[in-house]
Amino acid sequence: MLNSTSSKFERCDSNEPKRLTAKPRTLEQTGIPLRVLESLVIKHLSQTTDLDLISLSEKIGLPGNLIEQLIQKQKSEALVEVRTDGRFGSAMRFGLTQKGMILAQHELMRDGYLGPAPISLESYKKLVVSQSSKQESVTPDILREGLNDLILPEDIVGQVGPALNSGRAIFIYGLPGTGKTYISRRLVRLFQSDVYIPYAVCIGNQVLQVFDPIIHNPVQTNKQKTLRLDDGYDNRLVLCSRPEVVVGGELTSEMLEVTVDPTFRINRAPLQMKANNGILLIDDLGRQKVSVDAILNRWIIPLEESIDYLSMASGEHFDIPFEQVLVFSSNIHPAKLADDAFLRRIGYKINFGPITEDDYTYLWHQECEKHGITTTNEGLNFVLNQLHKVNNIPLLPCYPRDLVAMCSNQISFYQHPPLINPQLIEIVWGCYFVDHDEAGGNYGEG
């Protein structure tokens with residue numbers, strides 16, 4: 001494994017992103033071994049009877065003049081032949097010879113990736129660093145506007161904003177229903193810029209697929225995708241919103257390493273590589289099948305050096321920048337999950353607790369308005385003083401949403417007037433909360 005330090009990936013100047021996303025003008029400028037490009041050409045041709053130069057260029061994401069150079073070389077090696085339908089003026093089409101088809105099948109067995117050409121590992125490293133979210137600054141106004149559908153106490157605003165600007169990992173904890181996951185999943189919207197995601201990255205002579213349509217959301221632009229050298233950006237890249245990767249109890253250690261799809265024989269990037277330049281949220285920490293120690297220990301070096309070390313199934317090692325906001329969310333206090341050494345690397349630990357009566361009242365009225373229901377002061381005071389206080393249940397932001405929705409269900413079923421009164425809310429309350437006394441517990445426990 002190569003020795004690296006946190007200073008390995010230097011910050012780029014302001015012109016670097018434009019240079020890194022420019023279309024290659026020569027095969028050498030692609031940064032990809034010729035064998036990999038030739039392999040992609042014959043693999044794409046093996047999927048159909050024949051293709052013209054424009055179609056091949058669109059599939060491989062390289063300008064037509066570069067594809068033509070590859071085709072000419074493969075024609076000289078008797079791998080590709082010209083096909084024609086005899087129509088005057090029709091575009092020249094290319095197909096595989098018998099020799100070419102045999103080689104294509106061999107290449108597909110070796111590496112099943114079928115998509116646009118990859119970018120080089122070195123280009124990927126520079127691209128990720130140039131798009132770091134650390135170059136953006138979140139202000140209180142940006143935070144409130146981006147999360148305008150939420151009630152955010154001022155102390156939470158004062159912690160979440162600086163934490164995002166720091167680029168360091170964040171540990172959010174608190175009772176279930178305090179909005180930890182809801183807010184965490186909306187943090188990525190606070191970043192204003194879009195980023196370029198490569199379809200794939202070349203590792204040696206292997207292709208590692210990075211773009212994931214489930215995670216990466218392409219940005220719709222008015223500018224049409226073009227194969228002209230002077231127009232647009234490198235077609236091996238996709239302009240996307242900053243990625244947000246959320247994983248909970250299903251997290252396994254294998255998801256954090258390069259995996260090989262056994263059916264399609266495709267090397268797929270780990271979650272943290274797909275999350276680069278965005279946010280990786282590990283939700284419900286402590287409820288995964290893999291131990292908490294194993295999960296946390298996996299992040300020690302990336303958090304310390306901003307570098308992640310990976311390896312291909314073939315055993316080839318490589319490293320990439322760790323340029324993302326890593327967020328842990330848990331109902332368990334961080335001191336019970338990690339030691340002081342790890343918590344020091346995280347930096348920001350934010351406790352999400354109960355909200356104030358004023359915020360609870362605001363949410364209650366907001367939910368009533370959404371459901372078209374009228375509420376009385378008598379009904380709301382009954383909820384706050386006779387139900388929450390008497391039963392020692394904290395004011396959590398999930399309760400107005402859930403309780404009002406259940407009142408709406410009752411009103412709809414019995415065809416009652418759209419009004420929440422103490423009698424209705426008491427019925428709903430009994431359905432919503434479990435009697436923990438029978439189990440020897442207390443209300444409000446996770």
Side-chain angles (χ1 to χ4, degrees), residues 12 14 16-18 20-22 61 115-116 118-119 123-150 152 160-161 163-170 172 179-201 208-226 232-248 255 268-283 306 308 320-327 329:
C12 304
S14 58
E16 189 75 348
K18 185 176 181 179
L20 292 171
T21 59
I119 66 172
S123 294
Y124 174 74
K125 293 176 180 179
K126 292 179 180 178
L127 182 66
V128 169
V129 172
S130 73
Q131 299 179 142
S132 173
S133 62
K134 297 185 183 74
Q135 299 178 16
E136 290 197 42
S137 180
V138 175
T139 65
D141 288 341
I142 291 175
L143 195 149
R144 289 192 183 91
E145 182 178 351
L147 304 176
N148 58 10
D149 55 334
L150 305 172
L152 284 180
V160 171
L164 280 176
N165 286 337
S166 74
R168 300 184 67 183
I170 305 171
I172 295 176
K180 302 183 301 299
T181 300
Y182 194 77
I183 289 178
S184 298
R185 297 194 64 164
R186 283 156 179 75
L187 293 179
V188 74
R189 71 168 68 170
L190 302 178
F191 298 118
Q192 306 296 308
S193 61
D194 301 317
V195 294
Y196 291 96
I197 305 293
Y199 283 101
V201 173
L208 178 61
Q209 183 173 305
V210 177
F211 179 79
D212 187 334
I214 297 176
I215 291 172
H216 300 118
N217 299 312
V219 175
Q220 299 297 324
T221 61
N222 294 327
K223 198 167 189 178
Q224 294 292 321
K225 201 172 186 180
T226 173
Y233 53 83
D234 192 336
N235 292 324
R236 297 176 294 168
L237 306 173
V238 188
L239 184 62
C240 299
S241 305
R242 288 190 180 269
E244 174 195 32
V245 178
V246 181
V247 62
M255 293 180 180
R268 301 193 189 278
L271 291 178
Q272 68 274 23
M273 189 172 183
K274 295 178 182 179
N276 256 341
N277 294 140
I279 287 179
L280 172 58
L281 168 61
I282 299 180
D283 200 17
S306 295
D308 194 22
I320 59 172
F322 188 78
E323 285 286 349
Q324 59 201 258
V325 179
L326 179 60
V327 181
S329 176

Separation of [Y] [atom2] from [X] [atom1] (nearest 0.5 Å):
X      : Y      : atom1 : atom2 : answer
Leu237 : Ser123 : CG    : OG    : 9.0 Å
Arg189 : Glu145 : CZ    : CD    : 10.5 Å
Ile142 : Asn165 : CD1   : CG    : 8.5 Å
Gln324 : Met273 : CD    : CE    : 11.0 Å
Ser184 : Ile282 : OG    : CD1   : 11.5 Å
Ser329 : Ile183 : OG    : CD1   : 10.0 Å

Between [X] and [Y], is any pair of side-chain heavy atoms under 4.5 Å apart?
X      : Y      : answer
Val325 : Leu187 : no
Ser130 : Leu127 : yes
Val128 : Ile320 : no
Pro198 : Arg236 : no

Query raised in the report: Name the one of Leu20, Ile197, Asp194, Val195 that satisfies side-chain contact (heavy atoms from CB on, under 4.5 Å) with Gln131?
Result: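 Of the listed residues Leu20, Ile197, Asp194, Val195, the side-chain contact (heavy atoms from CB on, under 4.5 Å) partner of Gln131 is Val195.
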Query raised in the report: Given Ile119, which of Val210, Thr21, Val201 fulfils the side-chain contact (heavy atoms from CB on, under 4.5 Å) condition?
Result: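 Result for side-chain contact (heavy atoms from CB on, under 4.5 Å) with Ile119: Val201.
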Query raised in the report: Can you name the ring-ring contact (aromatic ring centres under 6.0 Å, His included) partners of Phe191, sequence neighbours left out?
Result: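 For Phe191, no residue satisfies ring-ring contact (aromatic ring centres under 6.0 Å, His included) once neighbours in sequence are set aside.
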Query raised in the report: Does the salt bridge (charged side-chain N to carboxylate O under 4.0 Å, His left out) test come out yes or no for Glu244 and Arg186, once each step is laid out?
Result: CA-CA 9 Å; Glu244 174 195 32; Arg186 283 156 179 75; over 6 Å; no
Query raised in the report: Is there a donor-acceptor pair closer than 3.5 Å between any side-chain N or O of Arg268 and the backbone N or O of Gln209?
Result: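 No, Arg268 side chain to Gln209 backbone: no donor-acceptor pair under 3.5 Å.
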Query raised in the report: So, Tyr124 and Asn276: side-chain donor and acceptor under 3.5 Å apart, yes or no?
Result: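 Indeed, the side chains of Tyr124 and Asn276 share at least one donor-acceptor pair under 3.5 Å.
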Compare every heavy atom of [Y] with every heavy atom of [X], then report the nearest pair and how far apart it is.
X      : Y      : value
Ile215 : Lys274 : CD1-CD, 3.7 Å
Gln192 : Glu136 : N-OE1, 2.8 Å
Pro243 : Ala275 : CG-O, 3.8 Å
Ile170 : Ala163 : CD1-CB, 3.6 Å

Report task. Determine the interplanar angle of the Phe211 and His216 rings, folded into 0 to 90°, and report it as parallel if under 30°, tilted if 30 to 60°, perpendicular if over 60°. Result -> parallel
